[in-house]
Amino acid sequence: MTLKLHNTLTRQTDEFTPLSDKKVTLYTCGPTVYDYPHVGNWVAFIYWDILVRTLLSAGYTVERVMNITDVGHLVSDADEGEDKLEKGARREGKTAWEIAEFYAEDFVAGMEKLGLLPPEHLVKATDFIPQQLDLVRLLKEKGYTYQTTDGIYFDTSKFTAYADFARLDLDAQKAGARVEANDQKRQPWDFALWKFTPAGEKRDMEWETPDDLLELPKLTDDEKQGADLNGVKSGDFDKRVVRESEQQEEITSETSQFFADAESQRQDPRLATYVPSTSQAARVTTGAGSSNEEVIMGFPGWHLECSAMAMSILGPTIDIHTGGIDHIPVHHTNEIAQSEAASGQQFAHYWIHNNHLKIDGTKVSKSLGNTYTLQDLDGKGFSPMDLKLFILQSQYTNEGNFTFENLTAAQHRHANWRNYAALRHQTHDLLTDDDRKNDDPDHKSLQAAASAVREALMNNLNTPEALRVVDEALGSLEAVPLSSIHQHGLMQLLEAIDELLGLQLLQTTPDIDDEAKKLLLERERARETKDWQKSDELRDELAAKHIHVRDTPHGVIWGYS
RNA sequence: GGCGCGUUGGCGGAGCAGUUACGCAGAGGUCUGCAAAACCUCGUAGAUGGGUGCAACUCCCAUACGUGCCUCCA
């Protein structure tokens with residue numbers, strides 16, 4: 001059974017073939033940590049967790065990078081407006097660093113509550129500034145950049161495949177474009193790799209812009225002779241820059257860390273074609289020989305972060321890149337442009353995008369006040385797992401619709417599942433497999449259900465189908481005597497559900513304590529003697545302990561209430 | 001203006017060219033000391049108009065409507 005995924009590159013559901021037989025490299029665009037994540041944000045992380053679990057179940061090892069965007073994500077994705085972190089800092093009277101730390105911790109806590117597997121690399125953009133500067137340097141050396149008064153930009157006209165991924169019609173877009181705020185950009189869709197801190201402003205998060213990334217004032221036409229670099233005709237490079245970059249290549253072939261880790265890990269021969277740059281960028285100072293004593297501070301562009309982190313950790317080509325559907329036209333288009341321009345290789349083989357969640361039929365929007373967080377849901381009595389089960393009700397490619405009515409439906413289903421899980425405490429010892437062989441039909445059907453769940457996920461992460469399978473398998477335990485439930489088979493199914501869907505059914509359905517068991521027995525005796533009053537009192541006592549009693553034709557069964 | 005997605009019963013939501021899953025909710029019934037649960041039955045769902053097929057919810061085309069991204073947002 002091969003895994004199939006809907007690949008945005010091909011717009012088709014493709015069979016998944018990783019670069020390596022055993023290992024899958026995966027990059028997930030992570031959160032921008034300036035506020036609490038809302039249900040719409042969590043959708044993506046829940047689906048990608050299912051993806052990882054499915055890959056693991058298929059026998060792959062997974063190396064996943066998830067970024068924590070803690071700098072550079074502007075209020076507008078198009079390099080305009082304020083930095084979300086700096087804005088959040090002012091809102092709360094803290095520094096951007098404090099904001100980032102607080103919300104990053106909250107995000108990790110949320111992942112734990114939702115039972116999401118931790119990525120192998122959960123990395124902060126601010127910890128990868130040198131790598132990001134290296135990438136800018138590399139792009140500059142290859143002639144893909146230009147400088148404006150507010151930053152270093154990627155010249156999309158130099159990357160001819162720019163419009164391909166999102167199938168953009170740039171000419172048409174140009175015609176209908178909004179007023180362009182930055183008239184120094186050569187194309188409206190050029191994007192900032194590195195932005196300069198505006199003069200007179202002090203950001204919480206800013207770094208020195210290495211001198212060699214800056215362009216000096218333009219030279220005269222005569223002086224520019226011979227300054228072409230890599231076929232770039234622009235006169236934006238001067239002789240000094242060319243000289244410097246030549247020197248750097250000498251140094252850098254020894255010192256670069258940019259792809260070093262990835263090289264040692266993957267030993268992909270194609271990496272040999274990649275000419276690395278220096279990692280010393282952050283240490284470059286405006287010192288001797290520089291005519292410019294002013295230090296220009298700056299910060300990375302949002303798009304740059306993802307490429308730098310993905311490539312420096314996983315290598316220039318990764319298997320899967322995931323993200324929200326909104327990122328196709330801008331963020332991921334830009335990631336592809338800068339990554340592939342730098343490496344000369346395909347960046348990701350599979351681009352997997354989750355569709356958005358609507359809320360009450362309309363979009364999730366801070367201004368509409370419908371950005372429910374885990375904390376909000378908790379306040380209304382819904383657990384993180386209720387939310388997760390709700391989200392799994394629809395496939396990641398589909399637009400979901402969040403309503404409290406639907407969340408309640410998921411909550412009821414979750415409660416039912418937990419009560420089925422509790423049956424394992426109520427089957428008897430004689431059913432622990434010793435006196436029932438593995439070819440027992442009940443056992444087999446439960447095993448079949450476990451593999452049917454796996455198959456459903458292999459089919460483009462069809463979580464609704466997986467839930468249906470679980471419903472049918474667990475439902476088949478209904479209205480049969482406890483004595484005919486195959487405990488081992490039930491355990492295997494529950495383990496499979498927890499492994500594949502991460503619902504933590506086993507750990508959240510403990511056995512009842514001895515006192516409760518005693519009350520149950522007492523109640524049984526009372527019922528045998530038709531002492532209904534005592535029986536009902538005992539039932540109330542159990543209810544106070546959140547234990548619900550059902551008197552079925554096959555005996556008493558308890559559940560959680 | 002550009003690029004997308006969708007339209008299945010009260011709600012959510014799959015598969016499938018030929019008995020319309022599954023969950024939640026509703027009505028009636030059986031069972032039960034009572035309650036709950038369970039079980040049974042019911043409401044007989046596929047936007048519209050064409051096309052291809054013996055046969056279409058399922059494939060193709062068009063239309064309508066809804067909705068998302070391109071300015072908060074996964």
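Sequence lines set the chain letters: A, B, ... in the order given, protein chains first and strands last, and positions in each chain run from 1.
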Flag for A:Q338-A:S307: side-chain donor and acceptor within less than 3.5 Å = yes
On the 0 to 90° scale, with breaks at 30° and 60°, tag the A:W42-A:F107 ring pair as parallel, tilted or perpendicular.
-> parallel
Looking at every strand, decide which applies to [X] at a 4.0 Å heavy-atom threshold: base, sugar-phosphate, or nothing.
X      : result
A:D536 : base
A:I328 : nothing
A:V469 : nothing
A:H548 : sugar-phosphate
A:Y34  : sugar-phosphate

Please report the distance separating the [atom1] of [N] from the corresponding atom of [M], rounded so that it comes out in whole Å.
N     : M     : atom1 : result
B:A27 : B:G10 : P     : 16 Å
B:G66 : B:U8  : C1'   : 15 Å
B:C34 : B:U19 : P     : 43 Å
B:A55 : B:A17 : C1'   : 7 Å
B:G23 : B:C42 : P     : 16 Å
B:G68 : B:G26 : C1'   : 33 Å
B:A14 : B:C57 : C1'   : 12 Å
B:G46 : B:A21 : C1'   : 14 Å

Look at atom NZ of A:K517 and say whether more than 12 heavy atoms of other residues, nucleotides or ligands are closer to it than 6.0 Å.
-> yes
Does atom NE2 of A:H425 have more than 12 heavy-atom neighbours from other groups under 6.0 Å away?
-> yes
Salt bridge (charged side-chain N to carboxylate O under 4.0 Å, His left out) against A:D376, all qualifying residues, sequence neighbours excluded | none
In this structure, how many angstroms lie between the [atom2] atom of [N] and the [atom1] atom of [X], rounded?
X      : N     : atom1 : atom2 : result
A:Y420 : B:C22 : OH    : C1'   : 12 Å
A:L392 : B:C24 : CG    : P     : 16 Å
A:N416 : B:A36 : CG    : P     : 16 Å
A:D551 : B:A38 : CG    : C1'   : 12 Å
A:L467 : B:G23 : CG    : P     : 11 Å
A:D386 : B:C24 : CG    : C1'   : 13 Å
A:E405 : B:C24 : CD    : P     : 13 Å
A:I359 : B:A74 : CD1   : P     : 13 Å

Mark yes or no for a side-chain to base donor-acceptor pair under 3.5 Å between A:N355 and B:G68, with no hydrogen or angle criteria applied.
-> no
Kindly say whether, by distance alone, the side chain of A:R550 makes a donor-acceptor pair under 3.5 Å with the base of B:A38?
-> no
Base orientation of B:G53, chi within 90° of 0 counted as syn, else anti, reads syn
Row check, A:F102 ring normal vs A:K94 NZ/CZ: under 6.0 Å, within 45° | yes
Where each residue is assigned the nucleotide of RNA chain B containing its nearest heavy atom, which of A:P31 and A:R167 is assigned the position nearer the 5′ end?
-> A:R167
Whichever of A:S535 and A:G40 has the more 5' nearest nucleotide on RNA chain B, that residue is A:S535
Which of these nucleotides, B:A36, B:A74, B:A25, is closest to any side-chain atom of A:N41?
-> B:A74
Using a 4.0 Å heavy-atom cut-off, write out nucleotides 12-21 of chain B from 5' to 3' as B (base contacted by protein), S (sugar-phosphate only) or - (no contact).
-> SSSS-----B
For the pair A:D150 and A:K195, find out whether any cationic side-chain nitrogen is under 4.0 Å from an anionic carboxylate oxygen.
-> yes
Under the 5.5 Å and 30° test, is A:H356 stacked on the base of B:A74?
-> yes
Can you check whether A:Y372 and A:F404 have ring centres sitting under 6.0 Å from each other?
-> yes
Between A:H412 and B:A25, is there a side-chain N or O to OP1/OP2 distance below 4.0 Å?
-> yes
